[in-house]
Amino acid sequence: MGCFHSKVREIPMEDPFALASETAFGLRMRITVLLQEEFQLAIFNNKKKENLFTSRIFDLFDVKKKGVIDFGDFVRALNVFHPSAPMEVKIEFSFKLYDLDNTGFIERHEVKQMINALLCEAEIKLSEETIETIINKTFMDADPNQDGKIDKYEWKNFVYENPSLLKVMTLPYLRDVTTAFPSFVFHSKVEDEIAE
């Protein structure tokens with residue numbers, strides 16, 4: 001019947017007590033293991049729609065690089081967005097988010113890629129000249145040595161001078177995630193679709 005069959009694969013789960021001690025969440029949090037397609041569906045209600053921002057966040061949440069976000073990955077990564085998370089943690093995560101090539105620097109082409117992806121998702125059209133003006137202003141302010149790349153120290157200073165950049169890095173409802181997401185279920189199995 002069809003070209004796919006399901007195979008159940010065990011995903012080892014981490015100790016919830018250890019996770020609770022490492023993060024701002026309590027022991028009441030429960031979650032399902034998420035595949036990238038499910039993550040995409042949850043964000044955009046369409047698992048076929050490609051989005052650089054969502055793919056990047058998924059990659060950063062999937063710290064073990066298994067192609068799934070397990071309970072530990074999710075709780076640690078989501079902790080960045082918790083109102084009690086230190087600003088330093090939010091700055092580090094946001095730097096990794098924009099450092100698309102993982103070079104340790106945010107470069108012009110990465111900022112341009114991210115701007116274009118965000119504009120596309122918001123269905124906003126800007127001229128190439130306007131986009132270049134935004135990038136030039138960003139690098140004028142964030143790259144004081146004008147070497148064409150923003151290092152972690154420069155990013156940190158830029159964010160401290162422009163704290164509104166991190167406004168989206170705090171989700172107030174995470175104070176009580178079990179109330180916000182009551183349908184999450186804790187289990188350790190994930191189905192893989194395998195082409196025959």
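Numbering of residues begins at 1 and proceeds along the displayed sequence. Computed over heavy atoms, backbone and side chain alike; hydrogens, waters and symmetry mates excluded.
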Enquirer: Any chance you could lay out the side-chain contact (heavy atoms from CB on, under 4.5 Å) test for Leu119 and Ile131, step after step, and finish with the verdict?
Expert: CA-CA 10 Å; Leu119 289 173; Ile131 293 171; 4.0 Å; yes
Enquirer: Output yes when Lys149 and Glu154 qualify as a salt bridge under the 4.0 Å nitrogen-oxygen rule, no when they do not.
Expert: no
Enquirer: At their closest point, which heavy atom of Lys90 faces which heavy atom of Met169, and how far apart are they?
Expert: NZ-O, 2.6 Å
Enquirer: Please lay out, stage by stage, how Phe158 and Asp143 fare under the test side-chain contact (heavy atoms from CB on, under 4.5 Å).
Expert: CA-CA 8 Å; Phe158 183 58; Asp143 183 23; over 6 Å; no
Enquirer: Output the distance between atom CD1 (Ile150) and atom CG (Asp99), rounded to the nearest 0.5 Å.
Expert: 10.5 Å
Enquirer: Salt bridge or not between Arg108 and Glu132? Use side-chain N to carboxylate O under 4.0 Å.
Expert: yes
Enquirer: Does one hydrophobic cluster hold both Leu118 and Ile124, with members joined at side-chain heavy-atom distances below 4.5 Å?
Expert: yes
Enquirer: State whether Asp62 and Lys66 are salt-bridged, where the test is any N-O pair (Lys NZ or Arg NE/NH1/NH2 against Asp/Glu carboxylate O) under 4.0 Å.
Expert: no
Enquirer: Kindly give the heavy-atom pair with the smallest separation between Ser127 and Thr130, and that separation in Å.
Expert: OG-OG1, 2.9 Å
Enquirer: Please check if any side-chain donor atom of Glu129 sits under 3.5 Å from a side-chain acceptor atom of Thr133, or the reverse.
Expert: no
Enquirer: Without swapping roles, check the side chain of Glu110 against the backbone of Asp101 for a donor-acceptor pair under 3.5 Å.
Expert: yes
Enquirer: With side chains defined as the heavy atoms from C-beta onward, is the minimum distance between Ser94 and Leu166 less than 4.5 Å?
Expert: yes
Enquirer: For side-chain contact (heavy atoms from CB on, under 4.5 Å), just list the numbers for Val159 and Phe95, CA-CA rounded to whole Å, side-chain angles, deciding distance to a tenth of an Å, and then say yes or no.
Expert: CA-CA 10 Å; Val159 170; Phe95 183 86; over 6 Å; no
Enquirer: May I ask you to decide if Lys156's main-chain N or O and Glu161's side chain share a donor-acceptor pair within less than 3.5 Å?
Expert: no
Enquirer: Nearest 0.5 Å please: distance from the NZ atom of Lys112 over to the OG1 atom of Thr138.
Expert: 13.0 Å
Enquirer: Hey, what do you get for CG (Asn102) to CG (Leu60), rounding to the nearest 0.5 Å?
Expert: 8.0 Å
Enquirer: With heavy-atom distances below 4.5 Å as the criterion, would you say the side chains of Tyr98 and Val111 are in contact?
Expert: no
Enquirer: Do Asn145 side-chain atoms and Asp147 backbone N/O form a donor-acceptor pair below 3.5 Å?
Expert: yes
Enquirer: If I take atom OH from residue Tyr160 and atom CD from residue Glu88, how far apart are they, to the nearest 0.5 angstrom?
Expert: 3.5 Å
Enquirer: Go through His109 and Leu100 one step at a time and tell me if the side-chain contact (heavy atoms from CB on, under 4.5 Å) criterion holds.
Expert: CA-CA 9 Å; His109 72 277; Leu100 300 173; over 6 Å; no
Enquirer: Return the set of residues passing salt bridge (Lys or Arg N to Asp or Glu O under 4.0 Å) with Lys65 (not counting sequence neighbours), or none when no residue passes.
Expert: none
Enquirer: Roughly how far, to the nearest 0.5 Å, is CD1 of Ile115 from SG of Cys120?
Expert: 14.0 Å
Enquirer: Using the test ring pair (Phe, Tyr, Trp, His ring centres under 6.0 Å), find all partners of Phe93 that sit at least two apart in sequence or belong to another chain.
Expert: Phe81
Enquirer: If I take atom CD from residue Glu92 and atom NZ from residue Lys152, how far apart are they, to the nearest 0.5 angstrom?
Expert: 6.0 Å
Enquirer: Is Leu126 close to Ile134 at the side-chain level, that is, under 4.5 Å between some pair of heavy atoms?
Expert: yes
Enquirer: Is there a donor-acceptor contact under 3.5 Å from the side chain of Arg56 to the main chain of Lys96?
Expert: yes
